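This report concerns only the one structure given below.
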Amino acid sequence: MLVFWKEKLVFFAVPKTGTSALEAALAPRADIVIRNPPILKHVPFYRYNRFLRPLFEVVGAEEFDKMAVIREPISWLGSWYKYRARADLDGTPNSTKDVSFDDFVDGYAKGQRPKFADVGSQYKFLTRPNGDCAMTHLFQYEQMDKARAFLSERLDVDVSLDRKNVSPARNFALSDDKEAKLRRKCPEEFALWESAHIADG
């Protein structure tokens, strides 16, 4: 998470959406940088609203704009799938090394997810309890140029990105029936991603 005090902007670091590269580029410009532990780096809106926003208000801060990047849900799950195939997870319940992508997505779409598929939710990360998007500015990962242009203008800084935290190469494809199940079980994930381009043109 990055906080830009003068510009009244909070950047939310949604996991597996290129946030590490953005944070590396913008950290020197930010007033508050939360890098570790991961549970604080990747603070979802509901935790921000409960813990950080009241703290900011105590010191006289007005309401901040909130910005995030969201990734197409199947691509997002694919990134998690590759990330959890790394060698240091071999033999653990979180490893996807010996799991097909179909089985990974099928596990994610279940009510009780197996540990290897329990990777959270972009929708829950970014929304209010009533389901409304809490972000003032929401950008699609697939159109990162728009996010960069917004940040460059808002912060008056050049934003150039290097690739960070790149997952191991791994081929994967999702069968039609598993994709249909995912879309049926998690429609809110797709709807929020599709809405991102509307919010910022």
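Just so you know, these numbers come straight off a predicted model, no measurement behind them.
For the ring-ring contact (aromatic ring centres under 6.0 Å, His included) criterion with Tyr81, the lone passing option out of Phe104, Trp76, Phe116 is Phe104.
To the nearest 0.5 Å, the span separating CG on Leu77 from CG on Leu174 amounts to 9.0 Å. Within the model, atoms CG of Leu2 and CE of Met67 stand 9.5 Å from one another, a figure rounded to the nearest 0.5 Å. Taken to the nearest 0.5 Å, the CD atom of Gln112 stands 8.0 Å off from the CG atom of Asp118. Atom OG of residue Ser75 and atom CD of residue Gln140 lie 11.0 Å apart, to the nearest 0.5 angstrom. With rounding to the nearest 0.5 Å, the separation of OG1 in Thr19 from CG in Leu26 is 11.5 Å. Rounded to the nearest 0.5 angstrom, Arg148 CZ and Phe150 CZ are separated by 15.0 Å.
Heavy-atom minimum distance, Lys146 versus Phe139: O-CE2, 3.6 Å. The shortest heavy-atom contact between Ala117 and Gly107 is CB-C, 3.8 Å. Counting all heavy atoms, side chain and backbone alike, Cys133 lies closest to Arg128 at O-NE, 4.2 Å. The two residues Gly120 and Arg113 make their nearest non-hydrogen contact at O-NH1, 3.4 Å. Across all their heavy atoms, Ser95 and Leu89 have their closest contact at CB-O, 3.1 Å. Across all non-hydrogen atoms, the minimal contact from Ser79 to Lys16 is OG-CE, 3.1 Å.
No side-chain heavy atom of Val119 sits less than 4.5 Å from a side-chain heavy atom of Tyr83. In this structure the side chain of Glu189 reaches within 4.5 angstrom of the side chain of Tyr108, judged on heavy atoms. Two residues are said to be in side-chain contact when any heavy atoms from C-beta on lie closer than 4.5 Å; Trp80 and Pro15 meet this criterion. At a threshold of 4.5 Å between non-hydrogen side-chain atoms, the residues Thr17 and Phe125 do not count as touching. Side-chain contact between Trp193 and Arg71: absent, with no pair of heavy atoms (C-beta onward) separated by less than 4.5 Å. Under the 4.5 Å side-chain criterion, counting only non-hydrogen atoms from C-beta, Leu192 is not in contact with Gln122. With contacts defined as side-chain heavy-atom distances shorter than 4.5 Å, the pair Met1/Leu40 does not qualify. Val157 has its side chain out of reach of Leu151: every pair of non-hydrogen atoms, C-beta onward, lies at least 4.5 Å apart.
For residues 23-37, the set of pairs meeting the side chain to side chain donor-acceptor pair (under 3.5 Å) definition, not counting sequence neighbours, comprises Glu7-Arg29. Identified under the ring pair (Phe, Tyr, Trp, His ring centres under 6.0 Å) test for residues 19-53, with sequence neighbours left out: Phe12-Tyr48. Among residue pairs with one or both ends in residues 48-64, those qualifying as salt bridge (Lys or Arg N to Asp or Glu O under 4.0 Å) are Arg53-Glu57, Glu63-Lys66; sequence neighbours excluded.
With hydrogens and angles disregarded, no donor-acceptor distance shorter than 3.5 Å links the side chain of Glu72 to the backbone of Glu142. Side-chain atoms of Arg84 do not come within 3.5 Å of backbone N or O of Thr96 as any donor-acceptor pair. Side-chain atoms of Thr127 come within 3.5 Å of backbone atoms of Tyr123 as a donor-acceptor pair (strictly under, hydrogens ignored).
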Thr92 vs Asn94, test: side chain to side chain donor-acceptor pair (under 3.5 Å). Steps then yes/no. CA-CA 5 Å; Thr92 72; Asn94 288 342; 5.2 Å; no
Evaluate the side chain to side chain contact (heavy atoms under 4.5 Å, CB included) criterion for residues Val69 and Val14: first the C-alpha distance (whole Å), next the side-chain angles of each, then the deciding distance (0.1 Å), finally the verdict. CA-CA 7 Å; Val69 174; Val14 182; over 6 Å; no
List the steps and the verdict of side chain to side chain contact (heavy atoms under 4.5 Å, CB included) for Asp65 and Arg154. CA-CA 11 Å; Asp65 282 353; Arg154 182 71 176 256; 3.0 Å; yes
Start with the C-alpha distance between Leu52 and Val3, add both sets of side-chain angles, then the distance that settles side chain to side chain contact (heavy atoms under 4.5 Å, CB included), and finish with yes or no. CA-CA 11 Å; Leu52 293 177; Val3 179; over 6 Å; no
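Relative ring orientation between Phe64 and Phe56 is described as tilted, the plane-to-plane angle lying within the 30° to 60° band.
By the 6.0 Å contact criterion, NZ on Lys185 is open, its count of non-hydrogen atoms from other residues, nucleotides or ligands being 12 or less.
Hydrophobic clustering, with ILVMFWY side chains joined whenever heavy atoms are under 4.5 angstrom apart, keeps Leu55 apart from Val33.
In summary, the side chains of Ser100 and Asp102 do not present any donor paired with an acceptor at a separation below 3.5 Å, with no hydrogens or angles considered.
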